[in-house]
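Have a look at the structure below, then the notes.
All values derive from a computational prediction rather than experimental measurement.
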Amino acid sequence: MSAKIKVATTSLAGCFGCHMSLLDIDERILALVELVEFDRSPLTDIKQIGACDLGLIEGGVANAENVEVLRDFRRHCQILVAVGACAISGGVPAMRNSFALADCLAESYVSGIGIHNPGVPHDPEIPLLLNQVHPLHEVVKIDYFLPGCPPSGDAIWT
């Protein structure tokens, strides 16, 4: 038997729907475990990425941590795939690109309906937001694009 393909997955700025679509391959998931070994992934809860054959990334790039994770995946993965609309075009998270970041933060934390303790948080544990949400290919080289919102289980299986 040949060695299994080593795969890493992550979700950046998005809804996590592309990871959930992996479950839509139904009983084929049993065949998948014969073919694939998962490295860093929410499926394994491994936090650091090792050398991988394939990296699957969903979500847009919205903050400094997303940039760091994406560059780490590019360094460690032979092939990198942008999975879903958010990874390919910025998707729903990029809807904020029409507004200045300061205006978005003010609406969310200062003047929005239901705000009780107004103030934009300044905590070093919260990743620094970028001025715009970017698709993955604007930050690193992407080898393949798997469109959909989310891509179907059949597309992921293929």
Side-chain angles (χ1 to χ4, degrees), residues 5-25 36 38-50 52-115 118-158:
I5 296 169
K6 197 164 196 179
V7 176
T9 70
T10 195
S11 181
L12 303 179
C15 70
F16 207 74
C18 296
H19 268 90
M20 295 308 293
S21 278
L22 176 63
L23 301 177
D24 290 340
I25 66 173
V36 169
F38 283 98
D39 190 75
R40 178 188 167 154
S41 175
L43 302 170
T44 61
D45 202 29
I46 295 173
K47 305 295 186 208
Q48 301 298 318
I49 186 171
C52 289
D53 300 301
L54 180 65
L56 303 172
I57 302 182
E58 70 170 298
V61 181
N63 62 49
E65 181 182 21
N66 294 162
V67 172
E68 183 181 318
V69 168
L70 182 55
R71 288 180 175 160
D72 202 27
F73 264 69
R74 180 70 276 175
R75 279 190 298 276
H76 288 89
C77 298
Q78 291 179 29
I79 296 171
L80 208 54
V81 180
V83 180
C86 295
I88 294 171
S89 68
V92 171
M95 291 174 71
R96 78 167 168 90
N97 290 352
S98 301
F99 307 95
L101 178 58
D103 292 341
C104 293
L105 292 172
E107 177 69 23
S108 298
Y109 295 105
V110 178
S111 59
I113 296 172
I115 301 295
V120 177
H122 296 286
D123 185 321
E125 293 293 317
I126 300 173
L128 179 66
L129 288 174
L130 303 177
N131 286 328
Q132 299 276 298
V133 175
H134 300 275
L136 304 185
H137 69 273
E138 289 184 1
V139 180
V140 300
K141 178 186 179 287
I142 297 297
D143 301 299
Y144 296 98
F145 299 85
L146 183 59
C149 185
S152 69
D154 288 336
I156 292 171
W157 174 255
T158 301

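A salt bridge does not link Lys6 to Asp53: none of the charged nitrogens lies less than 4.0 Å from a carboxylate oxygen.
To the nearest 0.5 Å, atoms CG (Leu22) and CZ (Phe38) are separated by 5.5 Å. In this structure, Ser108 OG and Asp103 CG are separated by 10.5 Å, a value rounded to the nearest 0.5 Å. For the atom pair SG of Cys104 and CG of Asn97, the computed distance is 8.5 Å after rounding to the nearest 0.5 Å. Atoms OG and CH2, on Ser21 and Trp157 in that order, are 15.0 Å from each other to the nearest 0.5 Å.
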Should Val110 and Val120 be marked as a side-chain contact (heavy atoms from CB on, under 4.5 Å) after you check the CA-CA gap, both sets of side-chain angles, and the distance that decides it?
CA-CA 7 Å; Val110 178; Val120 177; 4.1 Å; yes
side-chain contact (heavy atoms from CB on, under 4.5 Å) between Asp143 and Arg74, intermediate numbers included
CA-CA 10 Å; Asp143 301 299; Arg74 180 70 276 175; 3.0 Å; yes
Going by atom type alone, with no hydrogens or angles, which donor-acceptor pairs under 3.5 Å involve a side-chain atom of residues 13-20 and a protein atom two or more places apart or on another chain?
from  : atom 1 : to    : atom 2 : distance (Å)
His19 : ND1    : Glu58 : OE2    : 2.3
His19 : NE2    : Thr9  : OG1    : 2.8

Atom pairs and distances, donor-acceptor, side-chain atoms in residues 75-87, under 3.5 Å, two or more places apart:
from  : atom 1 : to    : atom 2 : distance (Å)
Arg75 : NH2    : Asp72 : OD1    : 3.4
His76 : ND1    : Asp72 : O      : 2.9
His76 : ND1    : Asp72 : OD1    : 3.2

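Of the candidates Thr10, Leu130, Val61, Asn66 forms a side chain to side chain contact (heavy atoms under 4.5 Å, CB included) with just one, namely Val61.
Looking at heavy atoms from C-beta onward, Leu12 lies in side-chain contact with Ile57 at the 4.5 angstrom threshold. Counting heavy atoms from C-beta outward, Leu129 and Leu101 have side chains that approach closer than 4.5 Å.
Judged purely by atom type and a 3.5 angstrom limit, Arg71 has no side-chain atom pairing as donor or acceptor with the backbone of Val140. Not a single donor-acceptor pair under 3.5 Å links the side chain of Asn63 to the backbone N or O of Pro127.
Summarising the local packing, CD1 of Ile5 is surrounded by 12 or fewer heavy atoms from other residues, nucleotides or ligands at distances under 6.0 Å. For Glu68, the CD atom counts as loosely surrounded, since its 6.0 Å shell holds 12 or fewer non-hydrogen atoms of other residues, nucleotides or ligands.
Asp45 meets the salt bridge (Lys or Arg N to Asp or Glu O under 4.0 Å) test with Lys47; sequence neighbours excluded.
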